[in-house]
Amino acid sequence: MNYIGTIGEKEVRVSVRETGVARYAVTIDGQEHLVDAHQVQSSVWSVLYGETSFEVDVQGKDEEFEVLISGDCYKFTLMNEQRRAMIRAGGKGAAGKAMVTSPMPGKVVKLLVKEGQEVKADQGVIVVEAMKMENELKSAVAGKVKEIFVKEGEVVESGAKLLLVE
Amino acid sequence: MNYIGTIGEKEVRVSVRETGVARYAVTIDGQEHLVDAHQVQSSVWSVLYGETSFEVDVQGKDEEFEVLISGDCYKFTLMNEQRRAMIRAGGKGAAGKAMVTSPMPGKVVKLLVKEGQEVKADQGVIVVEAMKMENELKSAVAGKVKEIFVKEGEVVESGAKLLLVE
Amino acid sequence: MFRKILIANRGEIAVRVLRACREMGIRTVAVYSEVDRNALHVRYADEAYLIGPPSASESYLVIDKIIDIAKRSGAEAIHPGYGFLAENPRFADRCETEKIRLIGPSAHAMRTMGSKTIARKTVQAAGVPVVPGTVEPIATEEDVFRVAKEIGFPVMLKATAGGGGKGMRLVREEGELRSSLRMAKSEAKSAFSDDSVYIEKYIEKPRHVEIQLLGDRHGNYVHLCERECSIQRRHQKVIEESPSVIVTPEMRAAMGKVAIEAARSVRYEGAGTCEFLVDAKRNYYFLEMNTRLQVEHPVTEMVTGIDIVKEQIRVAAGEKLSIRQEDVRQIGHAIECRVYAEDPDRNFIPCPGLVTSLRTPGGPGVRDDSGVFEGFEIPIYYDPIISKLVAWGKDRTEAIARMKRALTEYVVTGVKTTIPFHIRVMNNRHFIEGNFDTNFIDKVFFKEEEERQLENEDVALITAAIQVFLEERKRAMAQKPAESAGPVSMWKYSTRPGIRKLG
Amino acid sequence: MFRKILIANRGEIAVRVLRACREMGIRTVAVYSEVDRNALHVRYADEAYLIGPPSASESYLVIDKIIDIAKRSGAEAIHPGYGFLAENPRFADRCETEKIRLIGPSAHAMRTMGSKTIARKTVQAAGVPVVPGTVEPIATEEDVFRVAKEIGFPVMLKATAGGGGKGMRLVREEGELRSSLRMAKSEAKSAFSDDSVYIEKYIEKPRHVEIQLLGDRHGNYVHLCERECSIQRRHQKVIEESPSVIVTPEMRAAMGKVAIEAARSVRYEGAGTCEFLVDAKRNYYFLEMNTRLQVEHPVTEMVTGIDIVKEQIRVAAGEKLSIRQEDVRQIGHAIECRVYAEDPDRNFIPCPGLVTSLRTPGGPGVRDDSGVFEGFEIPIYYDPIISKLVAWGKDRTEAIARMKRALTEYVVTGVKTTIPFHIRVMNNRHFIEGNFDTNFIDKVFFKEEEERQLENEDVALITAAIQVFLEERKRAMAQKPAESAGPVSMWKYSTRPGIRKLG
């Protein structure tokens with residue numbers, strides 16, 4: 001299988017081949033790495049790279065990964081090559097920049113703006129409370145509040161759309 | 001559902017009725033007990049009996065149960081009433097008394113008897129090693145060794161038939 | 001001694017108190033909200049009572065309900081833990097009226113020390129240096145602006161009834177004042193049902209050092225030496241240790257004496273803590289007194305061998321303190337890391353959710369005070385604390401090495417946690433050298449982290465790629481037979497080596 | 001100091017040594033058999049090398065393989081843990097030849113003390129009282145019968161190379177002698193590749209008290225006080241504590257001195273233990289010296305604050321002991337319970353298998369040294385130890401209460417464990433009073449247990465019935481739609497209230 005990894009600005013080509021029980025040859029930009037990898041607990045892997053031992057916690061949602069090794073967090077995306085080709089062709093993935101979403105489950109305490117109101121980039125637009133801490137969320141872009149999807153007092157999930165600025 | 005519980009020599013009639021989410025009315029010999037029971041981890045239950053809180057570990061295989069509460073082990077069988085009626089009618093369950101089985105996974109180190117040999121009750125008949133400890137297993141009954149199912153050096157599972165004395 | 005105690009709390013601190021009671025042979029009563037039915041405190045208690053919906057204001061904070069359960073269960077005393085009702089003098093009054101012993105100081109002591117402004121006044125009168133600022137809550141927005149300009153920026157806005165970093169805002173310049181005031185008041189209102197705030201001069205590069213105290217009804221007091229809690233984020237402690245690297249024996253004795261005087265002034269009973277700010281010249285300023293068990297009490301227990309919760313219970317039952325000042329020895333060094341369900345890489349945003357797997361560290365010198373288990377869903381309604389990990393060593397170097405070792409053993413999946421953050425702090429040169437103040441995390445640490453090179457990018461990428469590869473194959477295996485359910489497609493799969501084994 | 005150490009062991013003790021190395025900043029090399037690929041020691045190490053099939057005689061016991069990995073990995077030293085190669089003088093010789101430092105005493109010390117008969121001779125010559133018996137291995141069956149009758153029954157048969165209760169048999173009368181001899185020899189053969197045995201007089205009602213020692217290359221010795229290990233089953237220790245209730249300060253000093261003399265006689269280096277039997281009149285008899293780290297070393301670490309494994313590593317690297325005798329303080333009381341995958345209700349039969357869920361105890365004064373995790377399959381090939389749970393308290397009463405509390409928190413499902421057994425011991429009146437000897441478990445405890453009334457039969461039955469009820473319904477739900485897949489039967493189910501929710 002072939003994948004495209006995106007780490008910051010950098011893109012790498014990754015392919016995986018199974019070479020035995022729990023053994024894999026993983027090629028990154030042409031360089032082959034042989035590993036012995038066992039999924040030992042939920043998302044935790046024991047990886048022997050040569051004889052060097054790593055515990056690796058792979059947290060991934062869709063194609064976005066956050067991988068923990070010894071307290072260091074590696075963030076990147078990893079996408080099946082065909083899938084990416086399809087998405088590119090379809091033109092998806094452009095929107096969302098101006099969408100304010102809730103980074104955690106919580107309760108909407110206060111809306112700081114109204115629909116139609118002009119906002120600056122980095123201006124606070126909504127306050128969400130989780131675990132007794134209030135978090136003021138900001139608009140990433142300057143523009144006009146196009147739509148507000150929630151009401152004050154509403155309980156929202158992590159990732160819920162809160163409001164759209166255009 | 002109705003069950004027959006057997007605790008030592010004693011038999012009790014048990015029935016279970018669901019009365020709400022995670023709430024049950026369990027009747028034992030006519031006396032009704034109302035409990036709030038949640039399976040919290042594998043075989044571990046959190047039970048509120050009235051307001052008294054118990055952690056209960058229910059280990060059961062087939063109809064045989066070993067239940068742990070605060071370090072005390074309660075052993076009993078619990079069988080669906082209909083199923084027991086069927087088994088009784090079929091006349092199963094008589095054999096096995098003279099069968100020597102391995103109480104743990106291990107390796108057969110030594111056979112102390114041959115087929116056809118007379119043995120006394122409580123006579124050691126086979127030595128099974130597990131985790132570097134040798135365990136001499138005894139025949140529960142006096143009689144003749146009818147059949148030996150294993151060879152020395154053989155690795156056996158827990159519950160494996162080792163030999164039959166009749 | 002009490003035969004039965006109600007624990008009016010949840011999470012790790014409820015478990016902590018339950019453990020002490022169980023070791024003392026005292027029966028325990030837990031209370032729980034609807035989302036906490038399976039929580040550890042319910043399972044570790046002898047009895048457990050439902051007290052309402054998830055929201056704390058409808059359950060753990062409702063005095064009537066707690067008192068009602070205490071009476072129904074026949075509990076003779078209530079341990080409030082920290083947070084919730086722990087420093088609520090109305091609750092203390094009510095317990096007295098109902099003849100139920102509250103394990104904590106008197107309502108009078110709570111009121112005096114609980115209002116930061118009155119506490120400042122009291123202590124200042126006794127000659128203890130305090131940080132410049134107002135001694136009264138400030139009434140109007142105009143006053144806030146006026147006083148802030150008088151003292152000069154930066155200033156701190158603090159909730160009069162505050163604690164735990166809630167209702168607290170640092171304001172560096174006038175332009176930030178209005179919005180910070182609104183946030184501080186709003187937080188204070190929702191956390192303490194009291195939105196009054198006061199202002200203090202903000203001391204640059206301060207270190208936070210506090211003295212743990214115990215007092216009994218018979219007028220005996222001991223201090224259990226200091227803890228340093230300068231490693232904070234959002235003004236909330238995240239790493240604490242004892243001893244403090246900046247405290248000399250003389251300073252320890254002096255601060256201990258002052259702290260005991262402060263306690264004595266309100267006839268303090270039970271466990272309490274006097275917090276001080278220490279500036280670069282080792283001047284210390286009384287900050288406030290916490291009239292409750294502190295989150296970070298375990299570090300003191302590790303170096304002194306004294307079980308603070310058991311002492312609390314004993315003195316609440318009228319017994320004398322079992323220790324004299326000369327018996328208190330600070331042996332070795334202890335560090336505590338608070339493990340929260342938060343994302344340290346996204347400004348510590350809370351990450352409640354299901355704990356899908358858990359491996360707690362063990363071995364020598366390690367203590368874990370946890371309130372979760374594998375399969376527990378960390379609720380959105382309360383503090384996101386998972387556990388407090390404490391490491392003891394014969395000196396600070398060993399304690400840090402041990403903490404790092406324990407943190408790397410700690411596995412919590414399903415929710416993001418502050419474990420990686422703590423590992424990085426333990427590796428930080430300034431932290432190891434003891435060279436930090438309360439701004440360290442926000443001002444120094446994260447900047448240094450940004451510049452640090454990560455070493456194992458390849459391994460991270462390789463492992464994620466293998467996981468994706470296996471997941472895709474699993475999906476393919478699950479779909480293919482259904483989509484084109486003929487024997488041909490099955491056969492096609494089975495001939496590819498290694499495929500069947502792992503499907 | 002070493003830069004890299006190979007740990008020639010597995011399970012909890014490998015993890016224990018790995019933790020010490022990690023805290024000292026020393027790189028670690030693990031070795032593992034085919035069944036141990038996912039074991040904790042492989043995951044905690046910096047490097048890991050496969051050394052063969054599951055059977056220890058083809059992996060962990062193969063000197064050539066261990067030496068080969070040490071060379072390939074560049075390890076400068078090997079820690080053998082306990083068991084396996086820990087007291088094998090041929091391994092010590094080989095390490096010396098290969099210029100790899102073995103973390104342990106010299107081959108000479110191992111040989112002298114490792115042969116129980118030579119050790120007895122050596123110590124007896126120095127005037128230390130030993131138990132009556134042979135000082136040579138016994139060659140023929142006739143000799144065994146003759147000597148046994150001379151000393152008089154009961155006698156103990158013991159493997160010359162023995163340890164850990166293996167190759168050991170108590171013989172009460174002549175009729176049992178032949179079969180016991182066969183078993184002892186056979187066990188000794190398979191455990192130590194040496195079937196020679198010797199005979200000792202069996203002392204009635206003895207207590208087992210041992211002295212922990214440390215020695216360095218420079219002739220310095222300290223003892224770290226005593227441990228009592230009288231709670232045994234099948235002559236194997238299961239509960240250990242420090243201090244011992246029968247040891248007075250004078251006795252402690254005297255036994256410590258004798259133990260150091262024994263160590264000095266072989267120029268002992270590293271950590272070792274002199275075991276004594278103590279009779280009802282507090283006479284003590286040298287039993288043997290264990291030339292390795294003991295399973296039960298954590299109880300000593302808890303009361304002294306000394307990390308014994310780190311001291312081992314330091315003295316192996318040529319450093320002087322970091323402690324003098326006058327620095328050693330025994331503070332409070334510690335108890336260790338060995339948690340095995342065994343069924344205590346069926347004569348402690350091993351119960352290997354998959355650990356389906358795990359919750360380790362925490363909180364104050366609790367240490368858990370574990371080698372397993374949730375999802376680990378405990379192999380049939382090795383010792384069935386799951387973990388060592390240690391509780392510290394300010395006195396024995398608190399340590400027992402704390403241990404009981406911790407044990408009731410400990411959840412291990414999927415395999416039977418000795419946790420329930422330990423809880424019952426902690427509740428036993430004789431144990432609490434300190435009134436026991438090495439026969440306590442077999443002779444007293446189980447009899448008393450048989451007579452004890454259990455209190456919660458109803459709750460046990462109720463919970464099992466609910467589990468059966470839910471399982472049956474689940475099965476019914478899974479089968480019914482398939483068997484009679486019409487909409488009618490589906491509809492019939494869906495109208496029964498509450499059914500769908502839980503399917």
Side-chain angles (χ1 to χ4, degrees), chain B residues 1 3 5 7 12 14-18 20-21 24 26 28 31 33 35 37 39 41-45 47 49 52 54-60 63 65-76 78-80 103-107 109-110 124 127 129-136 155 158, chain D residues 56 164-166 179 183 186-187 190-191 234 341 343-347 349-353 356-357 359 379-384 404 407-408 411 413-414 416 419-424 426-427 452 454-470 472-473 497-498 501-502:
Chain B
M1 286 291 195
Y3 307 93
I7 310 155
V12 291
V14 182
S15 73
V16 180
R17 195 162 46 86
E18 192 174 32
V21 176
Y24 307 89
V26 180
I28 301 176
Q31 200 194 333
H33 306 267
V35 299
Q39 196 162 0
Q41 257 175 304
S42 185
S43 58
V44 180
W45 292 76
V47 175
Y49 181 111
T52 309
F54 295 92
E55 272 207 330
V56 184
D57 182 4
V58 180
Q59 304 279 352
E63 280 104 0
F65 287 89
E66 296 196 12
V67 177
L68 282 175
I69 303 175
S70 306
D72 286 333
C73 186
Y74 301 85
K75 295 182 191 186
F76 50 84
L78 203 56
M79 200 180 276
N80 186 303
M104 69 273 172
K107 197 170 120 185
V109 175
K110 200 170 179 63
V127 181
E129 180 192 287
M131 292 147 161
K132 297 279 156 225
M133 290 298 280
E134 298 196 351
N135 303 279
E136 191 176 278
V155 172
S158 178
Chain D
K166 282 161 197 169
S179 84
M183 303 272 277
S186 161
E187 265 183 36
S190 93
R234 293 182 178 183
D343 188 348
D345 295 322
R346 289 191 186 84
N347 200 24
I349 268 179
C351 294
T356 53
S357 91
R359 186 185 67 199
I380 68 161
Y381 303 94
Y382 320 110
D383 254 10
K404 191 163 75 180
L407 287 164
T408 53
V411 169
T413 67
K416 297 217 174 290
I419 293 168
F421 162 79
H422 289 300
I423 293 175
R424 292 171 221 162
M426 293 301 132
N427 279 321
R452 197 163 56 84
L454 304 188
E455 283 174 12
N456 296 308
E457 191 176 275
D458 275 358
V459 176
L461 204 53
I462 287 166
T463 314
I466 292 168
Q467 181 166 308
V468 172
F469 169 78
L470 292 177
E472 282 184 357
R473 193 169 63 186
K501 250 175 271 168
L502 280 125

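The analysis underlying the following values was restricted to heavy atoms, covering all of them including side chains, and did not include hydrogens, waters or symmetry mates. Reminder, nothing fancy here: chain letters follow the sequence lines and each chain counts from 1.
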Going from [atom1] on [X] to [atom2] on [Y], what distance comes out if it is rounded to the nearest 0.5 angstrom?
| X | Y | atom1 | atom2 | value |
| --- | --- | --- | --- | --- |
| D/Arg424 | B/Cys73 | CZ | SG | 6.5 Å |
| B/Phe54 | D/Thr463 | CZ | OG1 | 8.5 Å |
| D/Ser190 | B/Lys107 | OG | NZ | 8.5 Å |

In terms of heavy-atom pairs under 4.5 Å, which option from [options] contacts chain D the most?
| options | value |
| --- | --- |
| B/Val67, B/Thr52, B/Val44 | B/Val67 |
| B/Val14, B/Val109, B/Asn80 | B/Asn80 |
| B/Ser42, B/Gly5, B/Ala37 | B/Ser42 |

- Does any heavy atom of chain D fall under 4.5 Å from the side chain of B/Val35, the backbone, both, or neither of them? side chain
- Answer with side chain, backbone, both or neither: which region of B/Gln31 has an atom nearer than 4.5 Å to a non-hydrogen atom of chain D? neither
If we define contacts as heavy-atom pairs under 4.5 Å, which of [options] has the most with chain B?
| options | answer |
| --- | --- |
| D/Thr356, D/Val468, D/Asn347 | D/Val468 |
| D/His422, D/Gln467, D/Lys404 | D/Gln467 |
| D/Arg346, D/Glu472, D/Met426 | D/Glu472 |
| D/Thr408, D/Leu407, D/Ile349, D/Asp343 | D/Ile349 |
| D/Ile419, D/Asn427, D/Asn456 | D/Asn456 |
| D/Ser179, D/Gly353, D/Ser357 | D/Ser357 |

- Message: On a heavy-atom basis, which atom in D/Gly414 and which in B/Gln59 lie closest, and how many Å separate them?
- Response: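 It is N-NE2, 3.7 Å.
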- Query: Which atom pair, heavy atoms only, marks the closest approach of B/Leu78 to D/Ala464?
  - Reply: CD2-C, 3.8 Å
- Query: Do D/Ile380 and B/Val155 pass the side chain to side chain contact (heavy atoms under 4.5 Å, CB included) test, and can you show the C-alpha distance, the side-chain angles, and the key distance before you say yes or no?
  - Reply: CA-CA 10 Å; D/Ile380 68 161; B/Val155 172; 4.1 Å; yes
- If one checks every heavy atom of D/Lys416 against chain B at 4.5 Å, the contacting part turns out to be side chain
- Message: Looking at B/Tyr74 and D/Leu461, would you say the former's side chain and the latter's main chain have a donor-acceptor pair under 3.5 Å?
- Response: no
- Message: The test is side chain to side chain contact (heavy atoms under 4.5 Å, CB included); show your working for D/Asp345 and B/Lys75 and say whether it passes.
- Response: CA-CA 11 Å; D/Asp345 295 322; B/Lys75 295 182 191 186; 3.4 Å; yes
- I would like to know whether D/Phe469 and B/Val26 meet side chain to side chain contact (heavy atoms under 4.5 Å, CB included); could you show each step before the answer? CA-CA 10 Å; D/Phe469 169 78; B/Val26 180; over 6 Å; no
- Tell me, do B/Glu55 and D/Val411 make a side-chain contact under 4.5 Å, heavy atoms counted? yes
- Query: Checking side chain to side chain contact (heavy atoms under 4.5 Å, CB included) for the pair B/Ile28/D/Ile462: CA distance, chi angles, key distance, verdict?
  - Reply: CA-CA 8 Å; B/Ile28 301 176; D/Ile462 287 166; 3.8 Å; yes
